[in-house]
Amino acid sequence: MIVTTKTLFQHAYGKYACGAYNINNAEQIMGLFRGCTESKAPFIIQISKGARAYTDKRLMEAMIRAGDQIFPDAIFAVHLDHGDEQTCYECIDSGFYSSVMIDASHETFDQNIAITRRVADRAHAKGISVEAELGKLGGVEEHVSVDEKDACLTNPKEAQEFVKRSGCDSLACAIGTSHGAYKFSGGQGLHFEVIREIARLLPGFPMVMHGSSSVPQDEVTRINAAGGKLKGAAGVKEEQITMASTMGVTKVNIDTDGRLVWCRVHRESFRDNPENFDLRPPGKVFMAEYAKYIVHKNKVLGSAGQVDDLRAAITSGKLGK
Ligand code: G3H
Ligand code: 13P
Ligand code: ZN
(Lines give C-alpha, C1' and ligand atoms only; values in the text may rest on other atoms or scores of the structure.)
(Ligands and ions follow the chains in the order given, each with its own letter.)
Protein backbone atom coordinates (compact mmCIF):
# COMPACT_ATOMS: atom_id res chain seq x y z
CA MET A 1 0.00 0.00 0.00
CA ILE A 2 1.40 3.37 -1.03
CA VAL A 3 0.80 6.02 1.64
CA THR A 4 1.84 9.63 2.05
CA THR A 5 5.25 10.39 3.45
CA LYS A 6 3.46 12.56 6.01
CA THR A 7 1.64 9.51 7.39
CA LEU A 8 4.90 7.63 7.78
CA PHE A 9 6.50 10.58 9.56
CA GLN A 10 3.55 11.10 11.90
CA HIS A 11 3.77 7.48 13.00
CA ALA A 12 7.54 7.42 13.30
CA TYR A 13 8.50 10.77 14.85
CA GLY A 14 10.55 10.39 18.01
CA LYS A 15 10.14 6.60 18.08
CA TYR A 16 11.89 5.28 14.99
CA ALA A 17 13.08 6.28 11.52
CA CYS A 18 11.95 5.01 8.13
CA GLY A 19 14.67 3.66 5.91
CA ALA A 20 14.69 5.57 2.63
CA TYR A 21 16.35 3.20 0.22
CA ASN A 22 17.58 4.21 -3.25
CA ILE A 23 16.69 1.79 -6.01
CA ASN A 24 17.71 1.47 -9.64
CA ASN A 25 16.62 -1.94 -10.88
CA ALA A 26 14.29 -4.90 -10.47
CA GLU A 27 16.60 -6.91 -8.23
CA GLN A 28 16.90 -4.04 -5.76
CA ILE A 29 13.13 -3.59 -5.77
CA MET A 30 12.54 -7.28 -5.07
CA GLY A 31 15.16 -7.39 -2.30
CA LEU A 32 13.81 -4.21 -0.71
CA PHE A 33 10.15 -5.31 -0.68
CA ARG A 34 11.14 -8.76 0.56
CA GLY A 35 13.28 -7.38 3.37
CA CYS A 36 10.68 -4.83 4.48
CA THR A 37 7.83 -7.35 4.35
CA GLU A 38 9.83 -9.91 6.30
CA SER A 39 10.80 -7.36 8.96
CA LYS A 40 7.31 -5.77 8.93
CA ALA A 41 8.79 -2.32 8.44
CA PRO A 42 7.24 0.70 6.75
CA PHE A 43 9.74 2.22 4.32
CA ILE A 44 10.41 4.86 1.70
CA ILE A 45 11.49 3.86 -1.76
CA GLN A 46 13.46 6.66 -3.32
CA ILE A 47 14.41 7.39 -6.88
CA SER A 48 17.17 9.82 -7.79
CA LYS A 49 17.38 11.75 -11.05
CA GLY A 50 20.09 9.31 -12.12
CA ALA A 51 17.86 6.34 -11.33
CA ARG A 52 14.99 7.85 -13.33
CA ALA A 53 17.31 8.16 -16.33
CA TYR A 54 19.14 4.80 -15.90
CA THR A 55 16.56 2.66 -17.69
CA ASP A 56 13.42 4.76 -17.95
CA LYS A 57 11.38 6.50 -15.27
CA ARG A 58 8.25 4.75 -16.53
CA LEU A 59 9.90 1.39 -16.02
CA MET A 60 10.89 2.37 -12.46
CA GLU A 61 7.36 3.44 -11.65
CA ALA A 62 5.86 0.31 -13.20
CA MET A 63 8.23 -1.90 -11.20
CA ILE A 64 7.28 -0.15 -7.97
CA ARG A 65 3.58 -0.59 -8.75
CA ALA A 66 4.29 -4.27 -9.42
CA GLY A 67 6.14 -4.51 -6.09
CA ASP A 68 3.03 -3.14 -4.40
CA GLN A 69 0.97 -5.94 -5.97
CA ILE A 70 3.47 -8.72 -5.31
CA PHE A 71 3.86 -7.68 -1.66
CA PRO A 72 0.36 -6.61 -0.53
CA ASP A 73 1.46 -6.31 3.11
CA ALA A 74 4.08 -3.65 2.36
CA ILE A 75 3.39 -0.07 3.47
CA PHE A 76 5.60 2.50 1.81
CA ALA A 77 5.94 5.95 0.26
CA VAL A 78 7.58 6.88 -3.04
CA HIS A 79 10.05 9.76 -2.97
CA LEU A 80 12.15 11.75 -5.44
CA ASP A 81 15.70 12.00 -4.04
CA HIS A 82 17.79 15.16 -4.67
CA GLY A 83 15.50 16.75 -7.22
CA ASP A 84 16.04 20.01 -9.05
CA GLU A 85 13.06 22.30 -9.56
CA GLN A 86 12.09 20.93 -12.97
CA THR A 87 12.29 17.28 -11.91
CA CYS A 88 10.22 18.07 -8.82
CA TYR A 89 7.49 19.51 -11.04
CA GLU A 90 7.58 16.45 -13.30
CA CYS A 91 7.19 14.14 -10.33
CA ILE A 92 4.47 16.25 -8.71
CA ASP A 93 2.52 16.33 -11.99
CA SER A 94 2.96 12.58 -12.57
CA GLY A 95 0.67 11.86 -9.62
CA PHE A 96 2.81 8.88 -8.60
CA TYR A 97 5.12 10.33 -5.96
CA SER A 98 4.26 10.71 -2.27
CA SER A 99 6.96 13.34 -1.77
CA VAL A 100 9.77 15.14 -3.54
CA MET A 101 13.08 16.52 -2.39
CA ILE A 102 14.08 19.90 -3.73
CA ASP A 103 17.80 20.20 -3.24
CA ALA A 104 18.72 23.86 -3.54
CA SER A 105 21.27 23.69 -0.73
CA HIS A 106 24.01 24.96 -3.06
CA GLU A 107 22.08 28.24 -3.51
CA THR A 108 22.13 31.20 -1.10
CA PHE A 109 19.86 30.98 1.94
CA ASP A 110 17.26 33.29 0.39
CA GLN A 111 17.37 31.60 -3.01
CA ASN A 112 17.04 28.18 -1.36
CA ILE A 113 13.94 29.47 0.44
CA ALA A 114 12.43 31.00 -2.72
CA ILE A 115 12.92 27.82 -4.79
CA THR A 116 11.66 25.55 -2.01
CA ARG A 117 8.61 27.80 -1.54
CA ARG A 118 7.68 27.52 -5.23
CA VAL A 119 8.00 23.73 -5.15
CA ALA A 120 6.10 23.47 -1.85
CA ASP A 121 3.17 25.55 -3.15
CA ARG A 122 2.84 23.38 -6.23
CA ALA A 123 3.30 20.11 -4.30
CA HIS A 124 0.89 21.00 -1.51
CA ALA A 125 -1.85 21.78 -4.03
CA LYS A 126 -1.66 18.08 -4.93
CA GLY A 127 -1.26 16.72 -1.41
CA ILE A 128 2.43 15.91 -1.91
CA SER A 129 5.00 16.76 0.72
CA VAL A 130 8.37 18.38 0.23
CA GLU A 131 11.79 17.70 1.69
CA ALA A 132 14.31 20.54 1.46
CA GLU A 133 17.98 20.72 2.37
CA LEU A 134 19.85 23.26 4.43
CA GLY A 135 23.58 23.10 5.08
CA LYS A 136 26.13 21.27 2.96
CA LEU A 137 26.93 17.59 3.15
CA GLY A 138 30.39 16.48 2.03
CA GLY A 139 30.88 13.73 -0.53
CA VAL A 140 29.77 12.90 -4.02
CA GLU A 141 26.34 13.00 -5.63
CA GLU A 142 25.68 12.61 -9.30
CA HIS A 143 26.21 16.25 -10.23
CA VAL A 144 27.87 17.71 -7.16
CA SER A 145 31.07 16.93 -5.32
CA VAL A 146 31.68 18.74 -2.04
CA ASP A 147 35.04 18.48 -0.30
CA GLU A 148 34.72 17.64 3.41
CA LYS A 149 36.41 20.98 4.17
CA ASP A 150 33.64 22.83 2.29
CA ALA A 151 30.83 20.93 3.98
CA CYS A 152 28.98 22.90 6.66
CA LEU A 153 26.60 21.82 9.35
CA THR A 154 23.02 23.08 9.45
CA ASN A 155 22.58 26.08 11.72
CA PRO A 156 19.52 25.33 13.94
CA LYS A 157 18.34 28.95 14.10
CA GLU A 158 18.54 29.19 10.31
CA ALA A 159 16.67 25.88 10.07
CA GLN A 160 13.84 27.34 12.13
CA GLU A 161 13.58 30.40 9.87
CA PHE A 162 13.99 28.27 6.73
CA VAL A 163 11.13 25.95 7.61
CA LYS A 164 8.81 28.82 8.44
CA ARG A 165 9.52 30.78 5.27
CA SER A 166 9.85 27.91 2.78
CA GLY A 167 6.85 25.81 3.81
CA CYS A 168 8.80 22.56 3.52
CA ASP A 169 7.51 19.48 5.35
CA SER A 170 10.82 17.90 6.31
CA LEU A 171 14.40 19.06 6.32
CA ALA A 172 17.59 17.32 5.27
CA CYS A 173 20.08 18.56 7.82
CA ALA A 174 23.84 18.44 7.54
CA ILE A 175 24.79 16.77 10.82
CA GLY A 176 28.21 15.38 10.00
CA THR A 177 27.48 12.68 7.42
CA SER A 178 28.49 12.70 3.76
CA HIS A 179 27.40 10.75 0.69
CA GLY A 180 29.34 7.75 -0.56
CA ALA A 181 31.67 5.14 0.92
CA TYR A 182 34.29 7.43 2.45
CA LYS A 183 32.81 9.25 5.41
CA PHE A 184 34.27 10.88 8.51
CA SER A 185 37.80 11.44 7.26
CA GLY A 186 38.29 13.55 10.41
CA GLY A 187 37.14 10.62 12.55
CA GLN A 188 34.14 12.46 14.01
CA GLY A 189 30.62 11.02 14.18
CA LEU A 190 27.15 12.52 14.11
CA HIS A 191 26.66 15.98 15.60
CA PHE A 192 23.96 15.14 18.12
CA GLU A 193 24.07 18.67 19.52
CA VAL A 194 22.77 19.96 16.17
CA ILE A 195 20.01 17.33 16.02
CA ARG A 196 18.98 18.11 19.61
CA GLU A 197 18.85 21.86 19.01
CA ILE A 198 16.83 21.56 15.79
CA ALA A 199 14.38 19.23 17.57
CA ARG A 200 14.08 21.80 20.38
CA LEU A 201 13.43 24.73 18.03
CA LEU A 202 11.18 22.74 15.69
CA PRO A 203 9.35 20.24 17.91
CA GLY A 204 7.70 17.42 15.95
CA PHE A 205 9.26 18.54 12.67
CA PRO A 206 10.81 15.61 10.76
CA MET A 207 14.55 15.72 10.12
CA VAL A 208 16.15 13.72 7.33
CA MET A 209 19.62 12.25 7.50
CA HIS A 210 21.36 11.84 4.17
CA GLY A 211 24.62 9.94 3.75
CA SER A 212 23.55 7.33 6.31
CA SER A 213 25.19 4.19 4.93
CA SER A 214 27.20 2.37 7.55
CA VAL A 215 29.61 0.89 4.98
CA PRO A 216 29.86 -2.52 6.71
CA GLN A 217 33.52 -3.45 7.05
CA ASP A 218 32.89 -7.12 6.29
CA GLU A 219 31.43 -6.06 2.92
CA VAL A 220 34.49 -3.91 2.21
CA THR A 221 36.86 -6.74 3.20
CA ARG A 222 35.02 -9.26 1.02
CA ILE A 223 34.91 -6.86 -1.94
CA ASN A 224 38.67 -6.25 -1.66
CA ALA A 225 39.35 -9.99 -1.30
CA ALA A 226 37.46 -10.52 -4.55
CA GLY A 227 39.48 -7.99 -6.54
CA GLY A 228 37.96 -4.69 -5.39
CA LYS A 229 39.98 -1.65 -4.41
CA LEU A 230 38.11 0.19 -1.69
CA LYS A 231 40.71 1.73 0.57
CA GLY A 232 39.68 3.47 3.79
CA ALA A 233 35.94 3.11 3.18
CA ALA A 234 33.93 3.97 6.30
CA GLY A 235 30.36 4.85 7.28
CA VAL A 236 28.02 5.91 10.08
CA LYS A 237 28.11 3.81 13.25
CA GLU A 238 24.85 1.90 13.63
CA GLU A 239 24.39 2.78 17.30
CA GLN A 240 24.48 6.45 16.26
CA ILE A 241 21.79 5.82 13.65
CA THR A 242 19.61 4.13 16.28
CA MET A 243 20.09 7.06 18.62
CA ALA A 244 19.28 9.70 15.95
CA SER A 245 16.12 7.74 15.04
CA THR A 246 14.61 8.51 18.44
CA MET A 247 15.54 12.19 18.36
CA GLY A 248 13.40 13.44 15.49
CA VAL A 249 15.35 12.03 12.54
CA THR A 250 12.47 10.23 10.81
CA LYS A 251 14.00 9.46 7.40
CA VAL A 252 17.40 7.83 6.99
CA ASN A 253 18.79 7.72 3.43
CA ILE A 254 20.73 4.66 2.34
CA ASP A 255 22.16 4.03 -1.09
CA THR A 256 25.86 3.16 -0.83
CA ASP A 257 25.33 0.09 1.40
CA GLY A 258 23.04 -1.44 -1.22
CA ARG A 259 25.68 -0.85 -3.88
CA LEU A 260 28.28 -2.54 -1.66
CA VAL A 261 26.09 -5.64 -1.24
CA TRP A 262 25.62 -5.70 -5.02
CA CYS A 263 29.35 -5.32 -5.63
CA ARG A 264 30.35 -8.03 -3.12
CA VAL A 265 27.84 -10.57 -4.45
CA HIS A 266 28.81 -10.07 -8.08
CA ARG A 267 32.57 -9.96 -7.50
CA GLU A 268 32.49 -13.15 -5.42
CA SER A 269 30.12 -14.85 -7.81
CA PHE A 270 32.31 -14.30 -10.87
CA ARG A 271 35.51 -15.03 -8.94
CA ASP A 272 34.10 -18.35 -7.66
CA ASN A 273 32.31 -19.37 -10.87
CA PRO A 274 34.54 -18.20 -13.69
CA GLU A 275 32.70 -20.44 -16.15
CA ASN A 276 29.38 -18.72 -15.45
CA PHE A 277 28.04 -16.05 -17.80
CA ASP A 278 24.41 -16.13 -16.70
CA LEU A 279 23.07 -13.03 -14.91
CA ARG A 280 20.48 -14.93 -12.91
CA PRO A 281 22.65 -16.87 -10.44
CA PRO A 282 24.33 -13.75 -8.99
CA GLY A 283 21.06 -11.82 -9.34
CA LYS A 284 19.27 -14.37 -7.15
CA VAL A 285 21.99 -14.27 -4.52
CA PHE A 286 21.89 -10.46 -4.59
CA MET A 287 18.12 -10.29 -4.00
CA ALA A 288 18.43 -12.60 -0.98
CA GLU A 289 21.48 -10.81 0.42
CA TYR A 290 19.99 -7.34 -0.08
CA ALA A 291 16.78 -8.48 1.65
CA LYS A 292 18.92 -9.73 4.55
CA TYR A 293 20.70 -6.37 4.75
CA ILE A 294 17.34 -4.53 4.75
CA VAL A 295 15.97 -6.70 7.58
CA HIS A 296 19.04 -5.90 9.66
CA LYS A 297 18.94 -2.17 8.88
CA ASN A 298 15.24 -1.88 9.73
CA LYS A 299 16.04 -3.31 13.17
CA VAL A 300 18.76 -0.67 13.58
CA LEU A 301 16.26 2.06 12.60
CA GLY A 302 13.55 0.71 14.90
CA SER A 303 11.13 0.50 11.94
CA ALA A 304 11.07 -3.31 12.07
CA GLY A 305 7.79 -4.58 13.51
CA GLN A 306 5.92 -1.26 13.09
CA VAL A 307 3.74 -2.14 10.10
CA ASP A 308 0.82 -3.70 11.99
CA ASP A 309 0.46 -0.75 14.34
CA LEU A 310 0.70 1.66 11.40
CA ARG A 311 -1.92 -0.26 9.43
CA ALA A 312 -4.26 -0.24 12.44
CA ALA A 313 -3.78 3.53 12.84
CA ILE A 314 -4.63 4.07 9.16
CA THR A 315 -7.60 1.69 9.16
CA SER A 316 -9.11 3.25 12.30
CA GLY A 317 -8.71 6.73 10.82
CA LYS A 318 -6.27 7.78 13.58
CA LEU A 319 -3.80 8.53 10.81
CA GLY A 320 -4.67 9.58 7.25
CA LYS A 321 -3.40 7.48 4.38
O1 G3H B 1 22.60 11.08 -2.68
C2 G3H B 1 22.64 10.54 -3.77
C3 G3H B 1 22.17 9.14 -3.89
O4 G3H B 1 23.13 8.26 -3.40
C5 G3H B 1 21.77 8.85 -5.30
O6 G3H B 1 22.85 8.56 -6.11
O7 G3H B 1 22.38 10.12 -8.00
O8 G3H B 1 24.00 8.22 -8.26
O9 G3H B 1 21.55 7.77 -8.10
P10 G3H B 1 22.69 8.69 -7.72
P1 13P C 1 24.79 7.08 1.29
O2 13P C 1 25.75 7.41 0.19
O3 13P C 1 25.43 7.16 2.64
O4 13P C 1 24.13 5.76 1.11
O5 13P C 1 23.63 8.20 1.29
C6 13P C 1 22.58 8.12 0.36
C7 13P C 1 21.75 9.34 0.32
O8 13P C 1 21.86 10.24 1.12
C9 13P C 1 20.75 9.42 -0.75
O10 13P C 1 20.09 10.66 -0.78
ZN1 ZN D 1 21.37 12.31 -0.26
Side-chain angles (χ1 to χ4, degrees), residues 5 17-25 28-29 31-32 43-57 59-60 77-84 87-88 91 97 99-106 130-146 148 151 154 168 170-185 189-190 206-217 219-220 230 232-238 240-241 244-245 249-264 290 293-294 296-298 300-301:
T5 306
C18 290
Y21 298 103
N22 287 74
I23 44 97
N24 293 271
N25 66 14
Q28 282 182 308
I29 289 174
L32 176 57
F43 63 104
I44 296 169
I45 190 160
Q46 58 183 8
I47 313 173
S48 69
K49 249 185 101 176
R52 278 163 59 81
Y54 171 55
T55 50
D56 188 291
K57 53 185 184 265
L59 188 58
M60 293 300 300
V78 183
H79 178 79
L80 168 70
D81 188 30
H82 290 286
D84 54 28
T87 311
C88 283
C91 293
Y97 287 74
S99 49
V100 294
M101 175 189 189
I102 172 68
D103 182 356
S105 57
H106 47 282
V130 174
E131 174 184 329
E133 179 169 328
L134 184 65
K136 266 199 193 75
L137 272 80
V140 184
E141 291 164 42
E142 198 187 19
H143 302 295
V144 201
S145 170
V146 181
E148 294 235 334
T154 303
C168 68
S170 62
L171 189 65
C173 302
I175 46 183
T177 61
S178 57
H179 290 110
Y182 301 90
K183 307 186 199 297
F184 303 120
S185 58
L190 293 190
M207 281 175 269
V208 178
M209 187 161 85
H210 283 245
S212 310
S213 280
S214 43
V215 188
Q217 289 306 298
E219 294 292 355
V220 175
L230 302 180
V236 187
K237 286 196 172 67
E238 291 196 321
Q240 298 204 341
I241 295 178
S245 302
V249 170
T250 45
K251 176 171 176 279
V252 166
N253 284 16
I254 295 171
D255 185 357
T256 296
D257 282 355
R259 297 180 189 207
L260 292 173
V261 175
W262 182 91
C263 180
R264 182 258 296 171
Y290 188 45
Y293 166 82
I294 295 286
H296 165 75
K297 192 53 58 168
N298 289 339
V300 171
L301 295 167

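For the single chain, residues carry numbers from 1 onward in sequence order. Values below: every heavy atom of this structure, side chains too, minus hydrogens, waters and symmetry copies. Order of appearance sets the numbers: ligands from 1, and atoms from 1 within every ligand.
In this structure, the separation between CE on Met101 and NE2 on His79 is 6.5 Å, given to the nearest 0.5 Å. Here the CG-CD distance, from Leu171 to Glu131, works out to 8.0 Å after rounding to the nearest 0.5 Å. Here the NE2-CD1 distance, from His210 to Ile254, works out to 12.0 Å after rounding to the nearest 0.5 Å. Between the OG atom of Ser245 and the NZ atom of Lys251 there is a distance of 13.0 Å, given to the nearest 0.5 Å.
Atoms of ligand 1 lying under 4.0 Å from any heavy atom of His82, numbered from 1 in the order shown and given with element: 1 (O), 2 (C). Below 4.0 Å from some heavy atom of His179 lie the following atoms of ligand 1, by number and element: 1 (O). Contact atoms of ligand 1 toward Asp255: 3 (C), 4 (O), 5 (C), 6 (O) (distance under 4.0 Å to a heavy atom of the residue). Those atoms of ligand 1 with a heavy atom of Ser48 less than 4.0 angstrom away are 5 (C), 7 (O), 9 (O), 10 (P).
For the pair Asn24 and ligand 1, the shortest N or O to N or O distance does not fall below 3.5 Å. Polar contact check, Asn22 against ligand 1: no nitrogen or oxygen pair lies under 3.5 Å apart.
At distances below 3.5 Å, at least one donor-acceptor pair connects side-chain atoms of Asp103 with backbone N or O atoms of Ser105. Judged by distance alone, with hydrogens and angles left aside, the side-chain atoms of Ser214 form no donor-acceptor pair with the main-chain N or O of Gly235 at under 3.5 Å. Although no hydrogens or angles enter the test, the distance criterion places no donor-acceptor pair under 3.5 Å between the side chain of Asp81 and the main chain of Ile47. With hydrogens and angles ignored, the 3.5 Å screen pairs no side-chain donor or acceptor of Glu219 with any backbone N or O of Trp262.
Within the 4.5 Å cutoff, the side chain of Arg264 has no heavy atoms near those of the Leu260 side chain. Contact check for Tyr21 versus Asp255: no side-chain heavy atoms found under the 4.5 Å cut-off.
Annotation: angle subtended at the Zn ion (ligand 3) by His82 NE2 and His179 NE2 is 100°, to 10°.
Between the Zn ion (ligand 3) and the N, O or S atoms of His210, the shortest distance is to ND1.
Every heavy atom of Gln46 sits 4.0 Å or more from the atoms of ligand 1.
Closer than 4.0 angstrom to ligand 2 lie heavy atoms from Asn22, Gln46, Asp81, His82, His179, Gly180, Lys183, His210, Gly211, Ser212, Ser213, Asn253, Ile254, Asp255, Thr256.
Residue Thr256 does not touch ligand 1, judged by heavy-atom distances below 4.0 Å. Proximity of Met101 to ligand 1, defined as any heavy-atom pair under 4.0 Å, is not found for any part of the residue.
Contact record, Ser178 with Leu137: CA-CD2, 4.4 Å, taken as the closest heavy-atom pair.
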